[in-house]
Amino acid sequence: MLSLHLNEWPAKSGQSRKPGFTLIELLVVIAIIAILAGMLLPALSKAKGKATAVKCLNNMKQLTLAWIMYADDHEDKVVRNYLSDTRAWIGGNVAALPGATNVLDIRNGRLYPYNQSVDIYRCPSDILGFKLGSRQVIRVRSFSMSGRMGGDVACCDFVNPGVPFFLKTADIKDPSPTKAFVFVDENADSIDDGFFAVQAKVPNNGYWQNTPASRHGNSGNLSFADGHAESWRWIEPRTQKLKGVNNNTSKGDRDLERFRLATYVPPGVAAP
């Protein structure tokens, strides 16, 4: 009876027969490989996501160290946070082209001499780009600075009327340097100039003036005046869904409250 097994086919005269796979065995091997690939790909994707989150935190920490070194060189004065002005830590506006891709706004900023890498100004997961002719280009900056750090009364006192800006590191007391945020990874629909506004003097009525990014799952990255950076996991379900500026959420929003007390601790309120 004729066999259909490849490894049982008669060898030609003078040739030695070599064992091989049957068709069924080959299909089984392919199926096993497909199953293993299906199991590994989500794990690899998750590992890649964690790696970019760590890179984002590292970039933010490097930028904060530059911020600290600037103050060390300027009699404890922090770098200014003017709007779209190269006399500040950053110039320009990245909300639209051409500013979104203008690296000169970074290189002409006051922090650039302390770390001459344009890459530390952005999160590697910020890949929402702009159409430029036939090319897709990405934003050169993802991070903004707390408006309280080195802000300007002439432009921005309305955010927190009467609350003094931190103009020296010695001024940073309420909150303390370990709790006062400096840089934040800002939402792509919210970021424009380098000023991240949090209305901290008024009661927490659930109003986000600027909004943080959630590029690493249900969390956002921030750095602090003592030089460290950390990831904040959001408590409120809607925080991850925030888009753009001037968002109203629920009164007493716990994530907003955390930002509020990392900006300004009102008299009579216990510091976090």
Side-chain angles (χ1 to χ4, degrees), residues 56 60 63 80-85 88-102 105-106 109 121-123 125-131 138-161 163 165-166 180-216 218-223 231-232 234-264:
C56 178
M60 193 173 284
L63 192 57
R80 298 308 300 267
N81 197 0
Y82 300 123
L83 303 187
S84 303
D85 190 329
W89 76 278
I90 196 71
N93 187 312
V94 295
L97 294 173
T101 58
N102 189 359
D105 287 333
I106 291 176
Y121 289 76
R122 63 180 307 276
C123 171
S125 294
D126 184 7
I127 57 175
L128 182 62
F130 298 85
K131 192 76 172 177
I138 59 174
R139 199 187 317 267
V140 295
R141 177 169 60 84
S142 310
F143 303 151
S144 293
M145 185 188 292
S146 166
R148 184 115 191 259
M149 298 293 178
D152 183 32
V153 173
C155 80
C156 304
D157 184 62
F158 76 93
V159 177
N160 292 297
V163 175
F165 292 99
F166 292 136
F181 90 92
V182 180
F183 293 105
V184 59
D185 187 13
E186 188 170 355
N187 190 290
D189 297 322
S190 171
I191 193 168
D192 40 36
D193 50 51
F195 189 105
F196 189 91
V198 178
Q199 294 193 346
K201 184 179 181 180
V202 298
N204 179 355
N205 290 317
Y207 174 70
W208 291 88
Q209 189 162 344
N210 288 118
T211 54
S214 300
R215 289 185 244 275
H216 311 292
N218 187 35
S219 62
N221 290 342
L222 300 90
S223 71
S231 179
W232 280 5
W234 307 134
I235 301 170
E236 307 290 353
R238 66 186 67 192
T239 304
Q240 188 177 8
K241 301 175 183 178
L242 292 172
K243 299 291 183 184
V245 297
N246 303 325
N247 282 265
N248 286 300
T249 60
S250 59
K251 183 177 180 180
D253 183 297
R254 290 168 291 179
D255 294 320
L256 178 59
E257 183 69 3
R258 200 174 182 188
F259 268 89
R260 190 172 85 100
L261 296 180
T263 305
Y264 170 65

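Worth saying up front: this structure is predicted, and the values here are computed from it rather than measured. Below, all heavy atoms of this structure are taken into account, side chains as well, without hydrogens, waters or symmetry copies.
Nearest heavy-atom pair across Val140 and Gly99 is CG2-O, 4.5 Å. The nearest pair of heavy atoms linking Met60 to Leu222 is SD-C, 3.2 Å.
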- Message: Please evaluate residues Cys56 and Asp185 with respect to the criterion side chain to side chain contact (heavy atoms under 4.5 Å, CB included), reporting the C-alpha separation (whole Å), side-chain torsions for both, the decisive distance (0.1 Å), and the verdict.
- Response: CA-CA 9 Å; Cys56 178; Asp185 187 13; 3.9 Å; yes

Q. Can you check side-chain hydrogen bond (donor to acceptor under 3.5 Å, both in side chains) on Asp253 and Tyr207, steps first, answer last?
A. CA-CA 9 Å; Asp253 183 297; Tyr207 174 70; over 6 Å; no

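With sequence neighbours excluded, the residues that form a side chain to side chain donor-acceptor pair (under 3.5 Å) with Glu186 are Ser144, Ser190, Asn210. Evaluation of the side chain to side chain contact (heavy atoms under 4.5 Å, CB included) rule for Ile235 yields Arg254, Asp255 as partners, not counting sequence neighbours. When the side chain to side chain contact (heavy atoms under 4.5 Å, CB included) test is applied to Asn102, the partners found at least two apart in sequence or on another chain are Leu104, Asp105. For the side chain to side chain donor-acceptor pair (under 3.5 Å) test, residues two or more places apart in sequence or in another chain that qualify with Arg260 are Glu257.
In this structure, OG in Ser214 is found 7.0 Å from CG in Leu242, a value given to the nearest 0.5 Å. In this structure, the separation between CD on Gln199 and CD on Gln209 is 4.5 Å, given to the nearest 0.5 Å. Note that the CG atom of Asn187 and the NZ atom of Lys241 stand 14.5 Å from one another [nearest 0.5 Å]. Distance check, rounded to the nearest 0.5 Å: CG of Leu83 to CG of Asp193 gives 4.5 Å.
Without hydrogens or angle criteria, Ser142 side chain to Cys123 main chain gives a donor-acceptor distance under 3.5 Å. Arg122 places a side-chain N or O within donor-acceptor distance of the main-chain N or O of Arg139, the cut-off being under 3.5 Å. Of the possible polar contacts, none joining the Arg80 side chain to the Met149 backbone as a donor-acceptor pair under 3.5 Å is found. Not a single donor-acceptor pair under 3.5 Å links the side chain of Asn204 to the backbone N or O of Lys251.
Geometric assessment of Arg148 against the ring of Phe165 yields a negative cation-pi assignment under the 6.0 Å and 45° thresholds.
Listed by first and then second residue, the ring pair (Phe, Tyr, Trp, His ring centres under 6.0 Å) pairs involving residues 242-263 are Phe181-Phe259, Phe196-Phe259, Trp208-Phe259, Trp232-Phe259 (not counting sequence neighbours).
Here the side chains of Ser125 and His216 are in contact, with some heavy-atom distance below 4.5 Å. You'll find the side chain of Ile90 reaches within 4.5 Å of the side chain of Arg141, heavy atoms only. At a threshold of 4.5 Å between non-hydrogen side-chain atoms, the residues Ser146 and Val182 do not count as touching.
Side-chain atoms of Trp234 and Ser219 form no donor-acceptor pair, as typed in the model, at a separation below 3.5 Å.
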In a table with atom names and distances, give each donor-acceptor pair under 3.5 Å that connects a side chain of residues 150-161 to protein atoms at least two apart or in another chain.
from, atom 1, to, atom 2, distance (Å)
Asp157, OD1, Gly162, N, 3.4
Asn160, OD1, Ala200, N, 2.6
Asn160, OD1, Lys201, N, 2.9
Asn160, ND2, Val198, O, 2.9

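When each of Trp89, Phe143, Tyr121 is paired with Phe183, the ring-ring contact (aromatic ring centres under 6.0 Å, His included) condition holds for Trp89 and for no other.
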